[in-house]
Amino acid sequence: MTYEQTLTHMRTKLQRIAPDFEIEYKAKIAYEINQLKKERNAVILGHNYMEPALFHSVPDFTGDSLELSRRAAQTDADIIVFCGVEFMAETAKILNPSKTVLIPSQKAGCSLAASITAQDVRDLKARYPGVPVVTYINTYADVKAEADICCTSGNAKAVVESLHADTIIFLPDEYLARNVAQETGKHIIFPSKNGKTNGETMLDVQMIGWHGRCEVHEKFTVVDIEAVRHDHPDTLILAHPECSPEVVSASDFSGSTTALIRFVEQSNAPSYLLLTECSMGDNIIAAHPNKEMLRLCSVRCPHMNQIRLEDTRDALRYTQYEVHVPEEIRVRALRSVERMLAIG
Ligand code: 13P
Ligand code: SF4
C-alpha cells in the first residue's frame, strides 16, 4: 500500500471517530510501520482492544486471545510484534522459541495475570492433590507451567468439559470461574490462603477458584444495566465473561471479545452497549458504520492503552522490547497451551 492508499483506507474507517488531522498524522506512522514490517519479515498481531487507528491499519491479524494464539502458532515470519499485553506476547514466545517476539511497551501488564504466582498454584496443588489445574491464558508463563491446561474466554467451558473430572482448579479469574461454573452446572469454592473452605468438604466441591479480577470488567454493575435498560430499552447489552455473573445474567449475551463482535455483526438491534474495554465499540463502529453503539463506556484497560502506533513503529525500528521465557518454564507452559489449542 502506498502512503495515499493507507491514508484513504484509514479515512474510510476512522472518519466517524477521529478528526482528519489526527488520521493524517497516524496514517504517516502506519505507512512507516507497514514498510518496516516488510523489510524485517515481521507479522503484527493486534488484540481487539487496540485503539481504532492502530487496529484498522497495521495488524496482519486481529482477534481475541484464542485466535491470536492460533495465529502465533502458525506464522512463518521472523519477528512477531504483539500489539496486546504481556501475557499474550509471552504465549506467542512459548509457541515460537526461535522467533523474535516483541511487545511495543514494557508497561502492558494485566491485573488478572498479576493476581497469582506459580507458588500460589503449587500451594493449591499440594492442598488438592491430583485435581487438574486450568489456568486462564491471562497468566504469566511460570503460572501456565504449573497448569494441566490453559483456557481463554472463548473456550473455557469446552476446556473444563474436556477434562471429564469431578473437581477442577480454575485460576485466577473469580468471575470467569463463577460464570463457567454456572454454565457447566458445577459448584465452586474459593479457599482462603490459610486453607479454610467455608465448611465445604471435597464432596461438595467441583471447582476451586481464586480471587483474581480484571480491573476493567469488575467496574460494570447491574445498576448500570438497569439504568441503560430504562433509558434505552431497545439496546442490546453484551458482556465479557470477566464481568460478574450478576452482570452476565442481566445482559443479553456474553462471550469472548470476538464473540461479542460477531454477535453485533450478525444481529440487527437498533443499538448495542458493550460491557468491556471501550475501544472495542469504536473498532466496531469503524468497521460497520451502519451499527449504532451506545457511547456510554469510558473504561479503558490501562495496559492495552500503553500500545500506540508510535510504540509499534519503534518496536520494529529498534527491535524492542524482546520477550524472553526461560526454557525450562517455556517447555512446561507449552504443554498447557498446546493442550488447549488441540481443543476445537
Ligand atoms: P479475549 O480472549 O476475550 O479477547 O479477552 C482477553 C482479555 O484480556 C479480556 O479482558
Ligand atoms: Fe487484563 Fe482486564 Fe486489561 Fe484484559 S482488560 S488485559 S483482563 S486488565
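Start at 1 and go down the list; that is how both ligands and their atoms are numbered.
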Quick note on ligand 2: atoms under 4.0 Å from a heavy atom of E242 include exactly 2 (Fe), 7 (S)
Decide if the gap between the ring center of F253 and the ring center of F263 is smaller than 6.0 angstrom. yes
Atom-level proximity to ligand 1, residues with heavy atom under 4.0 Å: H47, Y49, D64, S65, N138, S153, H217, H240, E242, S256, T257
Sphere of radius 2.8 Å around atom 3 (Fe) of ligand 2 - protein N, O or S atoms inside: C301 SG
Centre-to-centre under 6.0 Å for H211 and F190, is that the case here? yes
Residues in salt bridge (Lys or Arg N to Asp or Glu O under 4.0 Å) with R122, at least two apart? E146
Tell me every residue that passes ring-ring contact (aromatic ring centres under 6.0 Å, His included) with Y31, counting only those two or more places apart in sequence or in another chain. none
Go through the steps to decide whether R178 and E174 satisfy the test salt bridge (Lys or Arg N to Asp or Glu O under 4.0 Å), and finish with yes or no. CA-CA 6 Å; R178 284 190 196 276; E174 173 186 341; 3.2 Å; yes
Cationic N near anionic O, under 4.0 Å, D282 to R295: yes
Please indicate whether D231 has more than 12 foreign heavy atoms, meaning atoms of other residues, nucleotides or ligands, lying under 6.0 Å from its CG. yes
Does the pair R71/E67 count as a salt bridge with the N-to-O cut at 4.0 Å? no
Here the pair of heavy atoms bringing S336 nearest to K144 is OG-O, 2.9 Å
In plain terms, say whether E51 and R308 are close enough for a salt bridge, that is, a side-chain N and a carboxylate O under 4.0 Å apart. no
